[in-house]
Amino acid sequence: MPSTRTVFGGKASDGRPIVTYVLIAINVVVFGLQMLIPSFTNHLVYAGLYTSGYFEPEPWRMATSMFAHSTSFIGHIAFNMYALYICGRVLEPMLGRLRFLALYLVSGLGGSVAVLLITDPRVPVLGASGAVFGLFAAMFVLLRSRGVQTMQIVVLIVINLVIGFIFPGIAWEAHVGGLILGAAMAAVFAYSPRANRQALMQWAGTALLVMLLVALTLYGAVNVRVG
C-alpha cells in the first residue's frame with residue numbers, strides 16, 4: 001500500500017513532532033556544555049572572518065552557531081526554544097519530518113549567509129534565531145497557501161523584527177536572512193505542482209536554494225573587508 005502523505009507531499013507520521021523535540025534537545029545539550037565549559041562557545045560562534053582568507057577557513061561555524069546561545073541571558077535560548085516548539089508542532093506534521101528538518105537547517109544557514117554579507121566580519125554571532133524566523137515565514141506562506149488567516153503571524157514577525165533593530169547586540173541580519181530563506185523554502189513546498197513529480201520538484205527547488213547559499217557564501221568570503 002502507498003504511504004500516506006501530508007498536504008505538502010511529505011510522509012505522514014503519527015503526528016508527534018519528533019524532529020522538533022530532537023532539535024530542542026540538541027540546543028539544550030549544547031547550551032549545557034556552554035555553561036559547563038565557557039570556552040566551548042568560542043568553537044561554535046560564527047563571524048565573517050571564519051569564511052575569509054584572514055583565518056583558516058572554518059565554514060562549519062555557519063551551522064554550529066545555529067545551535068549555540070548566549071550564556072549571559074537565559075531568555076535567548078528560552079525564547080528560541082519556545083518558538084521552535086510552537087512552530088514545530090504545527091509545521092512538522094504539515095510538511096513531514098524530512099522537509100521540516102530541511103526547512104530549519106536551510107533557514108538557519110540563510111541567517112548565517114546574511115551575517116556574512118552584511119555584518120561586521122569581526123563580530124561573532126550565535127543563536128537559533130535565523131532558523132526560528134525561517135519557521136515564522138514558512139508558517140505564514142504555508143497557511144496562506146491553504147487559505148488560513150495569517151494576521152497574527154504577520155504581527156509576530158513584525159514585532160520581533162523591530163526588536164532586532166531597536167535593541168543592540170541582536171543580529172537582525174540573521175533574522176532577515178532566515179526569514180527570506182524560510183519563505184522561499186515554504187513556497188517551494190507549497191506551490192510545487194501536485195503531481196507524481198511533486199517531491200522531485202520540491203527537492204530540486206531545495207537544492208537550488210542551497211546552491212544559491214553556497215554561491216553567496218563564496219562571494220561573501222572573497223569580499224570580506226576588515227576596517
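Values below: all heavy atoms of this structure, side chains included; hydrogens, waters and symmetry mates excluded.
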In this structure, CD1 of I77 is separated from CG of L126 (nearest 0.5 Å) by 10.0 Å
According to a 4.5 Å side-chain heavy-atom criterion applied to Ile, Leu, Val, Met, Phe, Trp and Tyr, with indirect links allowed, do M62 and Y219 form part of one hydrophobic cluster? yes
Taking C-beta and beyond as the side chain, do S129 and N80 meet within less than 4.5 Å on heavy atoms? yes
Using modelled atom types and a 3.5 Å cut-off, is there a donor and acceptor pairing between side-chain atoms of S192 and backbone atoms of F189? no
Report the distance from atom CD1 of I37 to atom CG of N42, rounding to the nearest 0.5 Å. 12.0 Å
Search all heavy atoms of Y46 against all heavy atoms of S112 and return the closest pair with its distance. CE2-O, 3.6 Å
Which pair of heavy atoms, one from L44 and one from A68, lies closest together, and at what distance? CD1-CB, 3.8 Å
Ring-face cation of R61 near Y50 (centre distance under 6.0 Å, axis angle within 45°): yes
Find out whether V19 and Y104 are in side-chain contact, i.e. whether some heavy atom of one side chain is under 4.5 Å from a heavy atom of the other. no
For M139 and V90, work out which heavy atoms get closest and say how close. SD-CG1, 3.6 Å
Check: F8 main-chain N/O paired with Q202 side-chain donor or acceptor under 3.5 Å: yes
From CG (L135) to CE (M185), nearest 0.5 Å: 10.5 Å
Does any N or O in the side chain of T119 come within less than 3.5 Å of the main-chain N or O of P121, such that one atom is a donor and the other an acceptor? no
Taking the six-membered ring for Trp, is the centroid-to-centroid distance between H69 and F31 below 6.0 Å? no
Distance from S52 atom OG to E58 atom CD, nearest 0.5 Å? 10.5 Å
Stepwise side-chain contact (heavy atoms from CB on, under 4.5 Å) test for L84 and M81: CA-CA 5 Å; L84 172 54; M81 294 305 97; 4.2 Å; yes
Within the 4.5 Å heavy-atom criterion, are M94 and T6 side-chain neighbours or not? no
Same cluster or not: V28 versus V45, using hydrophobic residues (I, L, V, M, F, W, Y) connected whenever any side-chain heavy atoms lie under 4.5 Å apart? no
With heavy-atom distances below 4.5 Å as the criterion, would you say the side chains of L161 and F133 are in contact? yes
Can you tell me how far OG1 of T20 sits from CG of L91, rounded to the nearest 0.5 angstrom? 8.0 Å
Does Q34 form a side-chain hydrogen bond (donor to acceptor under 3.5 Å, both in side chains) with T41? I'd like the steps, not just the answer. CA-CA 6 Å; Q34 290 178 257; T41 301; 2.9 Å; yes
Provide the closest heavy-atom pair for A128 versus N27 in the form atom of the first, atom of the second, distance. CB-OD1, 4.1 Å
Is there side-chain contact between V188 and M201, with heavy atoms separated by less than 4.5 Å? no
Give me the atom names and distance for the closest heavy-atom approach of L117 to G220. CD2-CA, 3.8 Å
Is there a path of hydrophobic side-chain contacts, each under 4.5 Å between heavy atoms, that joins I166 and L179? yes
Walk me through it: do I18 and E92 pass the test side-chain contact (heavy atoms from CB on, under 4.5 Å)? CA-CA 8 Å; I18 299 299; E92 188 174 336; 4.3 Å; yes
Pairwise side-chain contact, I157 with I153, heavy-atom cut-off 4.5 Å (strictly under): yes
Please determine whether the number of non-hydrogen atoms from other residues, nucleotides or ligands lying under 6.0 Å from atom CZ of F167 exceeds 12. no
Is the shortest side-chain heavy-atom distance between D120 and V123 below 4.5 Å? yes
With side-chain contact (heavy atoms from CB on, under 4.5 Å) as the criterion, how do L23 and F100 come out once you've worked through the C-alpha distance, each side chain's angles and the decisive distance to 0.1 Å? CA-CA 11 Å; L23 289 171; F100 175 75; 4.1 Å; yes
Which heavy atom of P17 sits nearest a heavy atom of R89, and at what distance? CG-CG, 4.2 Å
Between F79 and Y82, is the ring centre distance below 6.0 Å? no
Same hydrophobic cluster for I26 and F40, using side-chain heavy-atom links shorter than 4.5 Å among ILVMFWY? yes
In the single-linkage hydrophobic clustering (I, L, V, M, F, W, Y; side-chain heavy atoms under 4.5 Å), do L103 and W203 co-cluster? no
Rounded to the nearest 0.5 angstrom, the CZ-OG distance for F140 and S145 is 10.5 Å
Which residue in the set V214, L213, L181, L209 passes side chain to side chain contact (heavy atoms under 4.5 Å, CB included) when paired with L109? L213
Any heavy-atom pair between the side chains of L142 and L95 that's under 4.5 Å? yes
